[in-house]
Amino acid sequence: MRTVVALAVLLSVFFSPLSVADEPAPSAEPADPGAPPEAIAHWKDLRFGMFIHWGPVALTGHEIGWSRGRQTPVDKYDALHKEFNPTEFDADEWVQIAKAAGMKYLVITSKHHDGFCIWPSEHTEYDIAATPFQRDPLKELAEACRKHGLEFGAYYSVCDWRHPAFPKGSPGGRTDKPTADLDAYDQYLQGQVKELITNYGPLLVMWFDVPQVYTQKHGLSMVRMLRKLQPNIVINNRAYAEAGRTSHFNAQRMVGDFSTPEQRIGGFDRQRPWETCMTICRQWAWKPDDTMKPLDQCLQTLLHTIGGDGNLLFNVGPMPDGRIEPRQAERLKAMGEWIRPRAEAIYGTRGGPIKPGKWGAATCKGNHVYLFVMDWPDNGPLTLPALGGDVTAARLLPKGEVDVETKDGRLMLDVAPQRRDPIATVIELTVDGPAIDIPVVDPPAPPSH
Ligand code: FHN
């Protein structure tokens, strides 16, 4: 008898209308439809962009967001905007510095973790309108990009360590706010994102960051709202944390349209779009006398990134007076001077077919394979895996001769030492078919020295 009763109770639990009604409905949330393939392809073609981290924190020389409640007490940090007056700011100059570097798009922090908005937002008083600098740098930059032919994007920090409704606060997003109300914060965030798209768009990209406890429960509908507002916008993988995975940095692999390896070159991947974000110095925001990367490292980072089929978003932190530090501008100009005569090997290309390595990197476009040789053997030709097709012509970029021979499944290349370039010797190979169809191969072992 007891068994029958127990079974009846068990069945009633599973089949009673009450328990069924209590179960969470299967997710009615459609997945993120993603950006149209042509929007992704366009974004990939650009290959190289400028990242900018800027705000009143530049007055301190400490890191944006992270120094709030650390090097700078919270109340002092939150009052910096009252002195922020970057009278030397010139959007045309910034965009021309990016253009001279060979950068094709620009992404600036519209709001970082500290909550300060560099545009006059109707949703907060903590914005550029509350500073002595009675202008709209976001608008001026968007217009300058359009004027000079660069694409414009906005970085927007999902976490907001100052806003009372965002659950986490300074220092470092590791404190809990008693006033937390994620639904209210979601309204604030969606209102601001709409402002950015509506008043400063169309944008190439929305570059979200550090969602922490903002998960797909809110994020998925926010992303879908964004895509309704601007269907061809490209969105990175930090708009929200996947359910149950609240992470500080949330470089989630499959959220959004592209992955975001940070301060490192991502792995070769032609399937999942990706973009390395990296600082030209060490700090994201302005830091006096910061250590700046040498020219060869800047350029070889770009070449290894595009060789892996990624984009490079290279960061500067402008000064409190509104200028990009002259030595950083000089470094970027030198990058552009090297890139320009080799532009066809960089823009509009895809990574491979030989994966990056100590030897160098490769890109491809049309019926051309471009090799960026960075390390030659001490004696004799460089030996690479054969390309699985006939090489019908070969030349150096910007100009010059190269000896090429395909033998025993290997590609032998040689260039007179005096014609080799210390950054990378660029060789254009013409092949007898679409270069993108050439099977991808691993990099060769490092040449012997
Ligand atoms: O905390 C931020 C950091 O300040 C910077 O904005 C980088 C850029 O990708 N994102 C976060 C660290 O992952």
Side-chain angles (χ1 to χ4, degrees), residues 43 48-72 74 77 80 103 105-118 138 153-163 166-175 189 192 196 204-214 219 234-242 245-253 255-266 273-287 290 293 301 305 310-318 328:
W43 171 83
F48 187 30
M50 177 181 271
F51 210 177
I52 300 175
H53 280 64
W54 194 48
V57 69
L59 290 161
T60 70
H62 295 307
E63 188 59 287
I64 190 165
W66 292 92
S67 62
R68 182 176 183 266
R70 286 190 172 134
Q71 295 94 328
T72 307
V74 168
Y77 189 111
L80 291 169
M103 294 162 159
Y105 60 108
L106 184 151
V107 179
I108 185 168
T109 49
S110 65
K111 184 198 82 164
H112 202 264
H113 316 335
D114 56 18
F116 179 78
C117 301
I118 64 160
L138 206 62
Y155 165 111
Y156 184 89
S157 174
V158 176
C159 70
D160 188 322
W161 296 340
R162 177 179 179 277
H163 194 290
F166 187 78
K168 296 294 183 182
S170 298
R174 298 191 186 283
T175 57
L189 181 154
Q192 288 206 317
L196 291 171
L204 170 76
V205 59
M206 266 310 295
W207 214 101
F208 290 105
D209 205 5
V210 190
Q212 287 191 283
V213 295
Y214 186 86
V234 175
I235 301 172
N236 74 341
N237 67 339
R238 303 189 186 188
Y240 55 84
E242 284 165 321
R245 290 196 56 194
T246 55
S247 89
H248 231 13
F249 301 102
N250 182 28
Q252 303 295 353
R253 182 165 167 69
V255 167
D257 302 312
F258 65 94
S259 297
T260 51
E262 180 171 321
Q263 300 288 32
R264 62 180 178 86
I265 298 169
W274 60 274
E275 173 193 74
T276 278
C277 54
M278 189 178 285
T279 51
I280 193 170
C281 290
R282 297 179 63 174
Q283 193 166 275
W284 292 99
W286 164 247
K287 177 183 173 77
D290 198 356
K293 291 175 175 70
T301 295
T305 299
N311 281 19
L312 175 63
L313 191 60
F314 209 39
N315 181 83
V316 294
Q328 294 182 40

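Remember, it's 1-based here, ligands and their atoms both numbered in the order they're listed.
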**Student:** Should you measure from each heavy atom of His113, which atoms of ligand 1 turn up under 4.0 Å away?
**Tutor:** 1 (O), 2 (C)

**Student:** In terms of atom number and element, which parts of ligand 1 are under 4.0 angstrom from non-hydrogen atoms of His53?
**Tutor:** 5 (C), 6 (O), 8 (C)

**Student:** Going by the atom numbers of ligand 1, which of them fall below 4.0 Å from some non-hydrogen atom of Trp66?
**Tutor:** 1 (O), 2 (C), 3 (C), 4 (O)

**Student:** With heavy atoms of Arg238 as the reference, note each atom of ligand 1 found under 4.0 Å away.
**Tutor:** 9 (O), 10 (N), 13 (O)

**Student:** Look at the side chain of Glu275 and the backbone N and O of Phe258, then say whether any donor-acceptor pair between them is shorter than 3.5 Å.
**Tutor:** no

**Student:** Applying side-chain hydrogen bond (donor to acceptor under 3.5 Å, both in side chains), name anything that partners Gln71, two or more places apart in sequence or on another chain.
**Tutor:** none

**Student:** Is there a heavy atom of Glu63 sitting under 4.0 angstrom from any atom of ligand 1?
**Tutor:** no

**Student:** Quick one: closest heavy-atom pair of Asp114 and Arg162, and the distance?
**Tutor:** O-CB, 3.4 Å

**Student:** Mind checking what makes side-chain hydrogen bond (donor to acceptor under 3.5 Å, both in side chains) contact with Ser110, not counting sequence neighbours?
**Tutor:** none

**Student:** Under a 4.0 Å heavy-atom limit, does Trp207 contact ligand 1 with its side chain, its backbone, both, or neither?
**Tutor:** side chain

**Student:** Is there a donor-acceptor pair closer than 3.5 Å between any side-chain N or O of Thr175 and the backbone N or O of Ser170?
**Tutor:** yes

**Student:** Look at the side chain of Asp257 and the backbone N and O of Asn236, then say whether any donor-acceptor pair between them is shorter than 3.5 Å.
**Tutor:** no

**Student:** Is there a heavy atom of Cys277 sitting under 4.0 angstrom from any atom of ligand 1?
**Tutor:** yes

**Student:** Heavy-atom contacts with Tyr155 under 4.0 Å: which atoms of ligand 1 show up? List them by number with element.
**Tutor:** 6 (O)

**Student:** Would the His62 and Tyr77 ring centres measure less than 6.0 Å apart?
**Tutor:** no

**Student:** Just going by heavy-atom distances, which of Ile64, Thr276, Asp209 is nearest to atom 10 (N) of ligand 1?
**Tutor:** Asp209

